[in-house]
Amino acid sequence: MAKFIIQGRKPLKGKITVSGSKNAALKIFPVSLLTQEPIRLFNVPEIEDVFRAQEMLISLGGEVKKIKKGVYEIKFNGKKSLDMPASLVNKFRASIMFVGPILAIYGKVRFPHPGGCVIGAGARPIDLFLNGFQKMGAKVKIFRHECGQDYYYLTVKRLRGANIFFPKISVTATESLMMTAVFAEGETILKNCAMEPEIVSLAEYLNSCGAKIKGAGTSTISVKGIKKLKGGEYKIIPDRIEAGTFAMLAAASNSGEVLIKNCQPNHLEALWTLFDKIGVNYSLTKDSVLIKPAKKLLACDVTTHEYPGFATDLQSPYTVLMTQAHGSSLIHETIYDRRLLFTDMLTQMGANIIMADPHRVVVNGPTKLYGRQLVSPDLRAGMALIIAALIASGRTEIDNIYQIDRGYERLDERLRLLGADIKRVE
Ligand code: EPU
């Protein structure tokens with residue numbers, strides 16, 4: 001299994017470029033099922049989860065052509081396949097995004113429960129999706145496949161517009177129901193929607209192809225059903241989580257000037273507000289962030305929240321940053337109940353962290369960190385361990401880096417450009 005070997009405490013300085021957003025890119029592959037015309041994609045991150053989405057599209061009868069780095073053309077040729085292959089569905093949670101489009105074009109879809117990061121107790125639920133599809137007229141059957149896994153079988157004669165209230169705010173459920181409603185008869189109103197920039201970007205793209213979506217980026221979205229969607233061009237927005245993570249890496253290392261390029265700082269206002277409180281020395285332009293060494297970092301509590309609040313995907317690097325800040329900080333993870341378990345590994349590295357319950361830890365800082373032998377439990381925690389290793393004394397080995405490659409493109413190469421001593425060992 002591939003691993004990273006990191007020799008810590010090398011000064012980090014220079015420039016690092018942010019990739020296209022994983023969580024925006026993953027949704028365009030299912031959208032391509034809704035049109036027979038090609039879609040040209042720009043700024044596509046070349047990461048494992050995106051490769052899985054490409055494989056899923058191909059397995060369903062689509063084509064993926066690489067034009068050059070980051071530029072792809074995708075096309076769906078209408079081959080009938082209502083089965084989503086378990087080998088892919090088990091690998092990434094965003095596979096759930098294909099369900100709505102398959103249902104919309106064939107009236108049937110069969111799939112096992114989706115996999116992905118293990119960051120909640122048990123399998124991450126899909127009830128919001130199923131309830132939404134049911135409201136739009138679909139019948140849902142759950143059965144035990146001969147392989148022992150639970151499968152879902154959804155059928156519908158004609159999807160119809162519906163009034164859907166999400167009892168919980170969910171990014172992918174909002175996006176899924178929004179894209180499925182494009183082909184439903186009549187109007188769909190979605191309430192208590194997530195408001196993430198990736199949703200706005202997806203809605204803008206769909207509208208440019210003929211969809212009639214209003215309100216994306218607010219808590220109520222309306223979609224008027226149409227009959228045909230065009231293809232087009234889709235430029236994937238910069239990855240706000242990657243930008244924020246690099247900013248926290250630079251702040252935690254506190255060793256030189258780091259310029260984070262090709263990002264949209266206006267998507268990270270919650271982070272900049274925290275930086276003001278804890279004393280990070282930073283400046284922003286429209287598309288870059290500059291982090292300079294700070295005199296002293298102060299501890300500050302944080303509570304994760306749906307956008308525009310502080311993203312759960314930024315919680316783990318922030319927790320590492322707090323190990324370098326003066327004072328106590330309470331980290332309250334409200335979205336997922338397994339996302340703080342990685343702090344156990346930070347403790348092994350020398351951090352002073354007390355777990356109050358699965359949703360809350362207290363970090364007492366600053367503490368020196370020391371290199372250790374670690375295993376990446378999931379994508380964001382894995383990235384946080386890399387930050388910890390880069391600021392720790394000595395050598396750290398991080399195993400199971402497939403989890404990190406799922407979301408960060410050529411991370412080791414890009415970090416070496418900043419001066420990091422990080423090696424990939426296959
Ligand atoms: N939830 C339900 N039922 C559902 C769906 C979600 O109860 O049917 C709950 C979840 O258990 C969780 C909450 O709703 O407690 C929010 O989950 P959400 O559905 O928003 O998560 P997601 O849409 O599956 C997306 C991102 C995540 C990111 C979250 C929160 C994608 C592909 N994934 O996940 O990204 O953490 O929104 O912002 O867009 C990551 O990139 O590492 C990652 C996990």
Side-chain angles (χ1 to χ4, degrees), residues 19-31 45 47-50 52-53 56 89 91-100 113-135 140 152 164-179 190 192-202 219 236-237 239-245 267-268 270 304-317 333-340 342 358-359 376-384 402-409:
S19 303
S21 158
K22 165 177 87 75
N23 288 343
L26 288 175
K27 322 299 165 55
I28 196 68
F29 293 93
V31 160
I47 52 177
E48 293 296 334
D49 268 13
V50 167
R52 296 300 84 74
M56 180 68 87
V89 177
K91 279 199 185 121
F92 71 118
R93 159 94 179 165
S95 57
I96 185 78
M97 299 303 299
F98 284 87
V99 170
H113 196 90
C117 277
V118 183
I119 49 184
R124 282 157 76 187
I126 60 165
D127 54 307
L128 300 176
F129 299 81
L130 298 179
N131 292 342
F133 296 137
Q134 278 172 319
K135 285 248 162 143
V140 177
Y152 302 87
I164 299 168
F165 178 86
F166 294 113
K168 217 167 173 181
I169 298 177
S170 159
V171 176
T172 43
T174 300
E175 292 167 325
S176 171
L177 273 300
M178 181 176 86
M179 64 169 82
L190 305 173
N192 202 24
C193 295
M195 304 194 280
E196 270 67 0
E198 293 76 19
I199 301 172
V200 177
S201 159
L202 181 65
S219 63
I236 290 154
I237 55 172
D239 197 307
R240 65 195 160 91
I241 302 304
E242 192 175 90
T245 302
H267 290 162
L268 285 163
T304 63
H305 197 281
E306 293 85 8
Y307 190 83
F310 187 81
T312 168
D313 295 343
L314 292 174
Q315 172 270 111
S316 53
E333 167 59 62
T334 59
I335 316 276
Y336 298 112
D337 49 19
R338 290 178 70 95
R339 266 205 161 160
L340 285 169
F342 85 104
H359 285 279
S376 169
D378 65 66
L379 169 62
R380 305 301 176 191
M383 182 65 216
Y402 173 80
Q403 287 299 331
I404 300 170
D405 292 335
R406 283 183 44 222
Y408 298 93
E409 182 182 321

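Note that the structure is a prediction, hence the values are computed from the model and not measured. We count ligands from 1, going down the list as the structure has it; atoms in each ligand are counted the same way.
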Would you say [X] has any N or O atom under 3.5 Å from an N or O of ligand 1, going by distance alone?
| X | answer |
| --- | --- |
| Ala94 | no |
| Val171 | yes |
| Leu128 | yes |
| Ile335 | yes |
| Arg339 | yes |
| Lys22 | yes |

Those atoms of ligand 1 less than 4.0 Å from some heavy atom in [X]:
| X | answer |
| --- | --- |
| Thr172 | 19 (O), 22 (P), 23 (O), 24 (O), 31 (C), 32 (C), 39 (O) |
| Ile126 | 8 (O) |
| Arg380 | 40 (C), 41 (O), 42 (O) |

Only counting residues at least two apart or in another chain, list the ones meeting side chain to side chain donor-acceptor pair (under 3.5 Å) with Ser219.
none
Under a 4.0 Å heavy-atom limit, does [X] contact ligand 1 with its side chain, its backbone, both, or neither?
| X | value |
| --- | --- |
| Asp313 | side chain |
| Ile241 | neither |
| Lys27 | side chain |
| Met97 | neither |
| Leu379 | side chain |
| Met383 | neither |
| Tyr336 | side chain |
| Thr312 | side chain |

Test of understanding: with side chain to side chain contact (heavy atoms under 4.5 Å, CB included), list the residues that count as partners of Ser201, not counting sequence neighbours.
Tyr234, Ile237
Atom pair CG (Leu379) and CG (Asp49), whose distance is rounded to the nearest 0.5 Å:
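Going from CG on Leu379 over to CG on Asp49, the span is 7.5 Å.
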If you measure from each heavy atom of Asp378 to ligand 1, is any distance below 4.0 Å?
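For ligand 1, residue contact (heavy atoms, under 4.0 Å) with Asp378 is absent.
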Donor-acceptor under 3.5 Å ([X] side chain, [Y] main chain):
| X | Y | value |
| --- | --- | --- |
| Glu333 | Tyr336 | yes |
| Asp239 | Lys22 | yes |
| Thr304 | Phe310 | no |

Donor-acceptor side-chain pairing of Arg339 and Thr312 below 3.5 angstrom:
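Arg339 vs Thr312: donor-acceptor pair found between side chains.
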Report yes or no: do Arg380 and Tyr408 form a side-chain donor-acceptor pair below 3.5 Å?
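There is such a pair between these side chains.
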For side-chain contact (heavy atoms from CB on, under 4.5 Å), just list the numbers for Phe166 and Asn131, CA-CA rounded to whole Å, side-chain angles, deciding distance to a tenth of an Å, and then say yes or no.
CA-CA 9 Å; Phe166 294 113; Asn131 292 342; over 6 Å; no
Please work out whether the ring planes of His113 and Tyr152 are parallel, tilted or perpendicular, with thresholds of 30° and 60°.
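Geometry flag for Tyr152 against His113: tilted rings.
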So does Lys91 pair up with Glu48, basic N to acidic O under 4.0 Å?
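Between Glu48 and Lys91 there is no salt bridge, as every charged N stays at least 4.0 Å from the carboxylate O atoms.
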